[in-house]
Amino acid sequence: MTGRHFLLQHVELEQFGEQITGLEVIGHLHPFGEPVGADVVSRFYDSLGNTLDYTYELEGDTLTIWGGPKGSPAYFRGEFRDDDRVMDGAWVYPGGGGYDSTMTRR
């Protein structure tokens, strides 16, 4: 995005047999009159009308995406491979739910 302050991610996925499209805006929060936040966060808008917030954490080749604030019981954890073009991991939900996920950069 112009200014290089945010990453825009266009999403096309199938989840539980349903096609979902969306747009995610990823970056550091910088509320008016306040300093730039330390965490990388995002807001995702999907074709079903959902608005979801996430917090990102990258350690080496391991990416954790928390559903909401860091430390949330809902999160994705995955590893980059194939020259960082593929991310394999799984979403974990409270109560034992979740699913495997593979993301591919085009």
Side-chain angles (χ1 to χ4, degrees):
M1 188 170 173
T2 302
R4 303 179 68 94
H5 299 286
F6 300 96
L7 171 68
L8 299 178
Q9 177 175 240
H10 297 270
V11 176
E12 297 175 11
L13 63 91
E14 181 178 330
Q15 185 177 39
F16 309 118
E18 189 162 10
Q19 294 295 322
I20 299 172
T21 59
L23 175 67
E24 186 172 14
V25 180
I26 304 167
H28 293 274
L29 287 180
H30 190 183
F32 184 73
E34 296 182 26
V36 175
D39 290 333
V40 174
V41 298
S42 74
R43 178 156 288 164
F44 177 71
Y45 303 90
D46 74 19
S47 55
L48 303 176
N50 296 309
T51 304
L52 306 169
D53 294 322
Y54 299 99
T55 303
Y56 286 70
E57 182 176 56
L58 181 63
E59 293 181 350
D61 285 340
T62 301
L63 176 67
T64 303
I65 305 172
W66 304 100
K70 195 180 288 186
S72 167
Y75 63 90
F76 168 85
R77 185 161 291 130
E79 299 280 331
F80 285 103
R81 64 178 178 82
D82 294 340
D83 293 326
D84 297 338
R85 293 186 46 77
V86 176
M87 165 71 64
D88 281 319
W91 279 97
V92 175
Y93 294 145
Y99 59 92
D100 293 335
S101 176
T102 298
M103 295 178 259
T104 305
R105 181 174 42 177
R106 292 185 180 182

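We're numbering straight along the sequence, starting at 1. Since the model is a prediction, treat every value here as computed from it, not as a measurement.
Both Tyr54 and Leu48 are members of a single hydrophobic cluster when ILVMFWY side chains are connected at heavy-atom separations under 4.5 Å. Cluster annotation: Tyr45 is not connected to Val41 through the hydrophobic network of ILVMFWY side chains, with a link wherever side-chain heavy atoms come within less than 4.5 Å. In terms of hydrophobic clustering, with Ile, Leu, Val, Met, Phe, Trp and Tyr side chains grouped at heavy-atom distances under 4.5 Å, Trp66 and Phe76 are assigned to different clusters. Cluster membership for Leu52 and Met103, using ILVMFWY side-chain heavy atoms within less than 4.5 angstrom, is shared. Both Leu7 and Val40 sit in one connected hydrophobic cluster of ILVMFWY residues. Membership requires side-chain heavy atoms under 4.5 Å apart, directly or through other members.
Going from atom NE2 of His30 over to atom NE2 of His5 covers 9.5 Å, rounded to the nearest 0.5 Å. In this structure, CD1 in Ile20 is found 12.0 Å from CD in Glu12, a value given to the nearest 0.5 Å.
The nearest pair of heavy atoms linking Ser42 to Tyr56 is OG-CE1, 3.5 Å. Residues Phe6 and Gly27 come closest through the heavy atom pair CD2-CA, 4.0 Å. Residue Asp84 comes nearest to Arg105 through the heavy atom pair O-NH2, 3.2 Å, listed as atom of the first residue, atom of the second, then distance.
By the side-chain contact (heavy atoms from CB on, under 4.5 Å) test, Glu79 pairs with Asp61, Thr62, sequence neighbours left out. Residues passing the side-chain contact (heavy atoms from CB on, under 4.5 Å) test with Val11, sequence neighbours excluded: Gln9, Leu13, Phe44. A search for ring-ring contact (aromatic ring centres under 6.0 Å, His included) contacts involving Phe80 returns nothing, not counting sequence neighbours.
Between the Ser47 side chain and the Thr21 main chain, a donor and an acceptor come within less than 3.5 Å of each other. Judged by distance alone, the side chain of Asp46 and the main-chain N or O of Asn50 form a donor-acceptor pair under 3.5 Å. A donor-acceptor distance shorter than 3.5 angstrom exists from the side chain of His28 to the backbone of Gly37, with no hydrogens or angles considered.
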Please walk me through it: do Tyr99 and Phe16 pass ring-ring contact (aromatic ring centres under 6.0 Å, His included)?
-> CA-CA 10 Å; Tyr99 59 92; Phe16 309 118; 5.6 Å; yes
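With hydrogens and angles left out, the side-chain atoms of Asp39 and Thr55 include no donor and acceptor closer than 3.5 Å.
Met87 places a side-chain heavy atom less than 4.5 Å from the side chain of Leu63.
Remark: aromatic rings of Tyr75 and Tyr93 are distant, center separation not under 6.0 Å.
No more than 12 heavy atoms of other residues, nucleotides or ligands shown are found within 6.0 angstrom of CD on Glu59.
Between Lys70 and Glu57 a salt bridge is recorded (basic side-chain N to carboxylate O distance below 4.0 Å).
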